[in-house]
Amino acid sequence: MPGDKLESLFRSWLVEHEGAVLKVARAYTFTTEDCQDLAQEILLQVWRSLPQFEGRASPSTWFYRVALNTALGWHRNERRRRARREAILAVEDLPVAGPDSARQMVEREAVERLYAAIRRLPKTDAALVLLYLDEMSYREMAEVLGLSEGNVGVKLNRARKVLGKLLKEESHES
Amino acid sequence: MNPDDLRATWKTQSSQTHLAIDTELLLQEVRRNQRSFAATIFWRDVREVGVALVLVPVWIFLGIRLSLPWTWYSIIPALLWAAGFMLVDRRRHNRQTPDPGEPLRCHVEHSLAQMTHQIWLLKNVFWWYLLPLAVPMLAFLGQVGWNTRSKGWSAAFAMTFVVAIVVTVLVFVYWINQYAVRNDLEPRRQELQALLASLKDEPPAAD
């Protein structure tokens, strides 16, 4: 694929799949700074891997693969090596306003509790739960993780049970 | 909270949080990153292989110029062996570099294979790097020591000092490699093994 075509594909996918990058980065980090750093690393990996994309998987499956593979191999101490890197992205909380602000605050807290519970899951269970919450089918989850569909079901059932327990703990603590 | 509630909660976050990306800056960064990545690979090869190859003519020149004994030249095959070994190993294993776009399980398997190989390489650094260099180096120093044995204690002391420095450097290189295995690579391998184990097939749980 020529360079300019690659660049325009990268730009359009950035808009479409920004949400997946943010969700994975938030699920595997504890601070906003780490989250931004991991999101940036995921996007760099996407760029590096883009020439190898053959279209056998759908773009959303492929994006999740790159994001999860990067997140699972990412270490917080790698930040030191990238300390001088320019900040090219930021996680922004959209302002809560209007008549629905109370409901939005409650939802925001619920999402935070959900992330807190996901971070306490084993790494692969966290990946499964992320895909499940994004309403991916068993087949798509199997494609992202490299598992059989049957095995996805088994692992997801268990992960959901653990997530439920963790959420109960989170709500008791808060 | 039931699964539908969870998914509904999850959906709300797109209206709460957003990733603000400076696309132009990001593209500049990815281009810079790609150049720096290529440069890092190039300079790593130059450092590991080029230095050994540059040393060969220098070695021959010094040997002729200073009329050094034949054992001086025995280091040349050792340098060529070390450079060749690294080059062949790099080429063989570069082909197996994991692609982040492959399924998680394949990626972990590839990363684990690469990590295991890296550990093997560093654990065996004595056999493929240090020993082939140490034998000709010590043979040369031994021969020089033997030839200067008539010069008395000061020559013997100087030779012992040089041998001690060479041995210290070799021990240090060995230690630093084993330190990297213990503190960096082994924990990472264990992490990958645990990750892979969690991705293996498992029987359905009894409810």
Side-chain angles (χ1 to χ4, degrees), chain A residues 7 10-11 14 18-19 21-23 26 39-40 43-49 52-53 57 62 65-66 68-70 72-73 85-86 88-94 96 104 107-108 110-111 114 122-125 127 133-135 143-148 151 153-155 157-158 160 163-164 167, chain B residues 1-34 36-37 97-111 115 184 187-188 191-192 194-205 207:
Chain A
E7 216 167 276
F10 183 64
R11 276 174 199 269
L14 219 55
E18 168 229 307
V21 174
L22 180 59
K23 284 167 194 165
R26 282 183 82 183
Q40 197 162 319
L43 293 177
L44 291 176
Q45 284 296 341
V46 166
W47 173 259
R48 271 193 213 144
S49 309
Q52 277 111 58
F53 177 73
W62 184 83
R65 281 179 184 171
V66 177
L68 288 169
N69 282 328
T70 309
L72 266 58
R85 190 185 279 176
E86 225 171 329
I88 50 179
L89 55 83
V91 177
E92 285 180 351
D93 283 333
L94 300 173
V96 175
Q104 285 179 17
E107 283 174 353
R108 188 166 282 188
V111 170
L114 194 47
K123 283 180 171 182
T124 45
D125 285 0
L133 291 172
D134 252 4
E135 300 187 356
E143 277 179 20
V144 173
L145 300 173
L147 303 173
S148 65
N151 204 17
V154 174
K155 285 180 189 292
N157 255 340
R158 197 199 49 217
R160 265 196 334 223
L163 183 71
L167 277 169
Chain B
M1 214 183 257
N2 70 47
D4 289 337
D5 289 342
L6 283 179
R7 281 175 159 172
T9 306
W10 190 250
K11 267 188 181 167
T12 63
Q13 67 175 304
S14 54
S15 62
Q16 299 164 0
T17 316
H18 147 84
L19 199 59
I21 306 170
D22 185 332
T23 317
E24 285 313 313
L25 212 55
L26 177 64
L27 282 170
Q28 276 175 29
E29 174 69 12
V30 292
R31 287 187 210 111
R32 192 197 60 76
N33 187 272
Q34 199 160 28
S36 108
F37 185 67
T97 304
D99 167 22
E102 60 191 356
L104 192 62
R105 185 165 158 174
C106 299
H107 187 79
V108 174
E109 278 168 352
H110 282 151
S111 301
M115 189 59 65
D184 190 19
R188 183 79 191 111
E191 213 173 280
L192 286 168
L195 211 53
L196 189 59
S198 71
L199 287 165
K200 293 275 186 213
D201 290 348
E202 55 186 283
D207 285 317

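A note on names: the letters A, B, ... follow the listed sequences, proteins ahead of strands, and every chain is numbered from 1. It should be emphasised that the depicted structure is a prediction, and the values quoted were computed from it without experimental measurement.
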Partner set under side chain to side chain contact (heavy atoms under 4.5 Å, CB included) for A194(B), not counting sequence neighbours: none
Gap between atom [atom2] of [Y] and atom [atom1] of [X] - 0.5 Å precision:
| X | Y | atom1 | atom2 | result |
| --- | --- | --- | --- | --- |
| N69(A) | H110(B) | CG | NE2 | 11.5 Å |
| T70(A) | H107(B) | OG1 | NE2 | 7.0 Å |
| L199(B) | N151(A) | CG | CG | 9.0 Å |
| S49(A) | E102(B) | OG | CD | 9.5 Å |

Taking C-beta and beyond as the side chain, do [X] and [Y] meet within less than 4.5 Å on heavy atoms?
| X | Y | answer |
| --- | --- | --- |
| P103(B) | E143(A) | no |
| S198(B) | P122(A) | no |
| W10(B) | E135(A) | no |

Looking only at non-hydrogen atoms, find the nearest pair between E107(A) and T9(B) and report the distance. O-CG2, 4.5 Å
Could you pull out the closest heavy-atom pair between G146(A) and R105(B), with the gap in Å?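 Shortest heavy-atom separation between G146(A) and R105(B) comes out as O-CD, 3.5 Å.
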Under 4.5 Å from a heavy atom of chain B, the part of [X] involved:
| X | answer |
| --- | --- |
| D134(A) | both |
| E18(A) | both |
| L72(A) | both |
| V144(A) | backbone |

Does L133(A) offer a backbone N or O that forms a donor-acceptor pair with the side chain of K11(B) under 3.5 Å?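 Side chain of K11(B) to backbone of L133(A): no pair is present.
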Under 3.5 Å, is there a donor-acceptor pair between the side chain of R65(A) and the main chain of G101(B)?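 A pair under 3.5 Å: yes.
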Quick one: of E24(B), E191(B), R188(B), who has the most non-hydrogen atom pairs under 4.5 Å with chain A? R188(B)
Can you tell me which of R26(A), K23(A), K123(A) forms the most heavy-atom pairs within a distance under 4.5 Å of chain B?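 Sorted descending by pairs with chain B, the first entry is K23(A).
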Greatest number of non-hydrogen atom pairs under 4.5 angstrom with chain B, of Q45(A), Q52(A), R11(A), falls to R11(A)
